[in-house]
Amino acid sequence: MNIFDKQESNVKSYCNSFPVLFTSAKGCWLKTDDGDRYIDFLAGAGSLNYGHNNAILKQALLDYIDKDGITHGLDMHTEAKAAFLTALRNHILEPRHLDYKVQFTGPTGTNAVEAAMKLARKVTGRTNIVTFTNGFHGCTMGALAATGNQHHRGGSGMPLAGTSRLPYEGYAGVDGLALFETMLNDNSSGLDKPAAVLLEVVQGEGGLNVASDTWLQKLSKICKAHGILTIVDDIQAGCGRTGTFFSFEPSGIKPDIVTLSKSIGGYGLPMALVLLKPELDKWSPGEHNGTFRGNNHAFITATCAIENYWQNDDFENHIADRSKQVKKTIERVLKRFPSLFVQAKGRGMMQGIECKRPEFAESISRHCFENGMVIETAGPDDEVVKFFSPLTISESELEQGLHIFEKAAEHVAAVSTRKAS
C-alpha cells in the first residue's frame with residue numbers, strides 16, 4: 001500500500017473507506033490480494049450495472065480486439081459506432097417513441113453535462129440555467145456551477161456563475177415549482193429567464209431524493225410554456241438503475257436533452273453521450289470535441305449490453321424483483337431500529353436508508369466492509385446508506401449483502417444504545 005500513499009494525490013477518496021488491494025472481480029464480487037471476497041454494493045458508482053467482467057460483454061470485446069478492430073477513431077465512422085447507434089435506435093429510442101440525435105462527448109459524465117449546458121445556451125441565446133438543491137452534475141467548472149454540494153464547489157478556486165438554484169421536490173417544505181412559475185412571470189423577481197433547467201429524476205449523490213411523476217410533469221409544462229429546455233441528467237440513474245432504461249420514463253415526459261455516461265458503455269469502459277432533439281442540433285463541426293469522444297471498445301460492449309438485456313422485458317422484470325427485495329429489507333430495519341433510521345430513499349435499484357445521524361451511516365458502512373461488503377453513503381452529510389449493487393445480481397447474492405447490512409445495523413444499534421445508557 002505504501003506506493004499509493006507516496007505517489008497518489010490526497011484527492012483520492014474511495015480507497016480511504018475501503019483500504020485493501022483489489023486484484024480481480026466477477027459479477028457482484030471483488031477479490032483482494034489476500035484472497036478475501038467482498039460483495040459489491042457500490043458497482044463503480046453506477047458504472048457496473050451489468051456487473052464486473054460480464055461474460056457476454058467480455059467475449060464480445062475480446063473477439064473485437066482479437067480481429068484488430070478500431071480502438072481509437074476520434075469521431076470517424078466505424079463499424080463499432082454504427083452497430084451501437086443502430087442498437088440504441090432500435091431497442092431503446094424507437095420502442096419508447098423518443099426521437100433523439102446522439103452526440104459523443106469526452107468519456108466522462110461531467111463532459112456530457114458541459115456539452116448539454118453549452119448547447120442549451122447556444123440554441124436559446126440565453127445564459128442562465130436553473131438547477132436544484134442537492135443536485136450533483138460533475139466537477140468541471142460548468143457542471144460544478146450546477147452542483148449543490150459545497151465540498152465539491154469549494155474546490156473550484158473561483159466564483160461559480162451561470163446558474164440559479166431552486167428547491168427540489170420536498171426540499172425544506174417549499175413548493176419550488178410554484179416559486180419558479182411565479183418568478184418567471186414577475187419582471188422584478190431577479191431571475192434571468194433560463195436557457196434550460198437541469199435535473200436528476202433521482203438525485204444520486206444528493207441523498208437518493210426522488211422527483212414524483214406529478215412534479216416532473218408540472219416542471220415540463222412550465223418549461224414548455226416559457227420556451228425553456230429540459231435537461232435530464234441520467235448519468236447515474238439511467239441504464240436501468242431506477243427500474244426502466246431512462247429514469248424519466250414512468251412520468252411520460254420527453255426531455256429536450258438527456259445526458260448518459262457510467263453504465264452506457266456496459267462493461268465499465270469510459271463513455272458518455274448527449275441525446276438531443278433533432279431541432280436542437282445547432283452545433284458546428286468540432287465545436288464541442290474531445291480526443292476520446294469515440295471509444296470503440298465501449299461501443300462494442302454497449303451494443304452487446306443493449307442487445308442482450310433490453311430487447312424484451314426480462315431484465316426490467318428482474319430489476320423489479322430485486323428492487324422489491326431491497327425495499328422489503330429497508331422496511332424491516334426501519335421498524336426494527338427506529339433509533340437509527342429516518343426513512344427509505346430512492347427507487348428501483350437506486351435505494352437507500354436515511355440515518356438519524358451521519359455517524360450511524362458511516363459506522364454501518366464500515367461494519368459492512370469489515371464483514372465482506374463494499375457499500376457507500378450519500379446525502380448532504382453522508383447520512384444515507386446507499387444500496388447500489390450490479391443490476392445483474394442474483395436473488396441469493398443480494399440476500400447475502402442485505403443480511404450483512406442488517407447485521408451491521410444491529411451492531412450499530414446495540415453500540416449506540418450502550419452509549420446512550
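In this chain, numbering begins with 1 at the start of the sequence shown. Just so you know, these numbers come straight off a predicted model, no measurement behind them.
- By the 6.0 Å contact criterion, CG on N317 is enclosed, its count of non-hydrogen atoms from other residues, nucleotides or ligands being greater than 12.
- Using a 4.5 Å heavy-atom threshold, the side chains of V210 and V202 count as touching.
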Inset, instruction - Would you sort out whether L275 and L88 count as a side chain to side chain contact (heavy atoms under 4.5 Å, CB included), showing the intermediate values? - result: CA-CA 11 Å; L275 303 177; L88 182 70; 4.2 Å; yes
Legend entry - Evaluation steps, side chain to side chain contact (heavy atoms under 4.5 Å, CB included), between H297 and Y267: CA-CA 9 Å; H297 289 170; Y267 199 67; over 6 Å; no
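- The nearest pair of heavy atoms linking N53 to A25 is ND2-O, 2.8 Å.
- Looking at E114, its side chain does come within 3.5 Å of a backbone N or O of G142 through a donor-acceptor pair.
- In summary, E406 and R332 engage in a salt bridge, as defined by a charged side-chain N under 4.0 Å from a carboxylate O.
- Proximity of a side-chain donor or acceptor of K81 to a complementary backbone N or O of F299 within less than 3.5 Å is not detected.
- When all heavy atoms of I306 and A87 are compared, the closest pair comes out as CG2-O, 3.7 Å.
- A 4.5 Å side-chain heavy-atom check between I375 and S365 finds at least one atom pair inside the cut-off.
- Residue K327 places its NZ atom among 12 or fewer non-hydrogen atoms of other residues, nucleotides or ligands, all under 6.0 Å distant.
- Judged purely by atom type and a 3.5 angstrom limit, N134 has no side-chain atom pairing as donor or acceptor with the backbone of F132.
- More than 12 heavy atoms of other residues, nucleotides or ligands shown are found within 6.0 angstrom of NZ on K12.
- Side chains of Y14 and V374 form no contact here, defined as non-hydrogen atoms less than 4.5 Å apart.
- Taking the centre and axis of the six-membered ring of F341, the NZ or CZ atom of R336 falls outside the cone set by 45° and 6.0 Å.
- With salt bridges taken as basic N to acidic carboxylate O contacts below 4.0 Å, one links R357 and E359.
- Within the 4.5 Å cutoff, no side-chain heavy atoms of L98 are placed close to those of I92.
- Atom CD1 of I300 and atom OG1 of T71 lie 10.0 Å apart (nearest 0.5 Å).
- Taking all atoms of both residues into account, the shortest heavy-atom contact from I235 to G109 is CD1-O, 3.3 Å.
- Heavy atoms only, all atoms of each residue included: A43 and S389 are closest at CB-C, 4.0 Å.
- If you take CD on E331 and NZ on K324, they are separated by 12.0 Å, rounding to the nearest 0.5 Å.
- Without hydrogens or angle criteria, H318 side chain to I393 main chain gives a donor-acceptor distance under 3.5 Å.
- Atom CD1 of I70 has 12 or fewer heavy atoms from other residues, nucleotides or ligands within 6.0 Å.
- Summarising the geometry, atom NZ belonging to K345 is positioned 11.0 Å from atom CD1 belonging to I353; distances are rounded to the nearest 0.5 Å.
- Counting only N and O atoms by type, the side chains of S212 and E169 include a donor and acceptor under 3.5 Å apart.
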Legend entry - Stepwise salt bridge (Lys or Arg N to Asp or Glu O under 4.0 Å) test for R366 and E362: CA-CA 6 Å; R366 185 177 65 251; E362 192 277 331; 2.5 Å; yes
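- The aromatic rings of H288 and W283 sit tilted, their planes meeting at an angle between 30° and 60°.
- Side-chain N or O atoms of K262 include none that pairs as donor or acceptor with a backbone N or O of G238 at under 3.5 Å.
- Surrounding NE2 of H72 are more than 12 heavy atoms belonging to other residues, nucleotides or ligands, all under 6.0 Å away.
- Here the rule is ring-ring contact (aromatic ring centres under 6.0 Å, His included) with F18, and of F369, F41, Y38 only F369 fits it.
- Scanning both residues, G401 and I39, for their nearest heavy atoms gives N-CD1, 3.9 Å.
- For Q343, the CD atom sits in a packed shell: over 12 heavy atoms of surrounding residues, nucleotides or ligands are nearer than 6.0 Å.
- Taking OG1 from T110 and CZ from F136, the interatomic distance works out to 7.5 Å, rounded to the nearest 0.5 Å.
- The two atoms that bring S261 and P107 nearest to each other are OG-O, 3.8 Å, heavy atoms only.
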Legend entry - Residue pair R96, E249: steps toward the side chain to side chain contact (heavy atoms under 4.5 Å, CB included) verdict: CA-CA 8 Å; R96 291 162 179 79; E249 287 181 49; 2.9 Å; yes
Inset, instruction - Go through Y50 and T301 one step at a time and tell me if the side chain to side chain contact (heavy atoms under 4.5 Å, CB included) criterion holds. - result: CA-CA 10 Å; Y50 307 101; T301 51; over 6 Å; no
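- Salt-bridge annotation for K407 and E410: present, with a side-chain N of the basic residue lying under 4.0 Å from a carboxylate O of the acidic one.
- When side chains are defined from C-beta on, N149 does not count as touching E205, because their heavy atoms never get closer than 4.5 Å.
- Considering CZ of R241 and OG of S247, their distance stands at 12.5 Å, rounded to 0.5 Å.
- Aromatic ring centres of F337 and F360: separated by at least 6.0 Å.
- A 6.0 Å sphere centred on OH of Y171 holds no more than 12 heavy atoms belonging to other residues, nucleotides or ligands.
- Checking side-chain atoms of D234 against main-chain N and O of L260 turns up no donor-acceptor pair under 3.5 Å.
- Between F246 and L93 the shortest side-chain heavy-atom distance falls below 4.5 Å.
- Of the inter-residue distances, the one linking D233 atom CG with T147 atom OG1 reads 8.5 Å to the nearest 0.5 angstrom.
- Looking only at distances, a side-chain donor or acceptor of R153 sits under 3.5 Å from a matching main-chain atom of A145.
- The backbone N or O of G252 sits nowhere less than 3.5 Å from a side-chain atom of Q217 that would complete a donor-acceptor pair.
- With respect to W215, the ring-ring contact (aromatic ring centres under 6.0 Å, His included) criterion is satisfied by exactly one of F248, Y168, F180: Y168.
- F387 and F405 have their aromatic ring centers within a separation under 6.0 angstrom.
- Counting only distance, with no hydrogens or angles, the side chain of S220 and the backbone of L216 share no donor-acceptor pair below 3.5 Å.
- By the 30° and 60° cut-offs, the orientation of the rings of W310 relative to F245 is perpendicular.
- Between E316 and T244 the shortest side-chain heavy-atom distance falls below 4.5 Å.
- Of the possible polar contacts, one joining the T23 side chain to the K31 backbone as a donor-acceptor pair under 3.5 Å is found.
- Between H411 and V415, some side-chain heavy-atom pair lies under the 4.5 Å cut-off.
- Inspection of the D321 and Q325 side chains reveals no N or O donor paired with an N or O acceptor under 3.5 Å.
- Around atom CD of E279, more than 12 heavy atoms belonging to other residues, nucleotides or ligands sit under 6.0 Å away.
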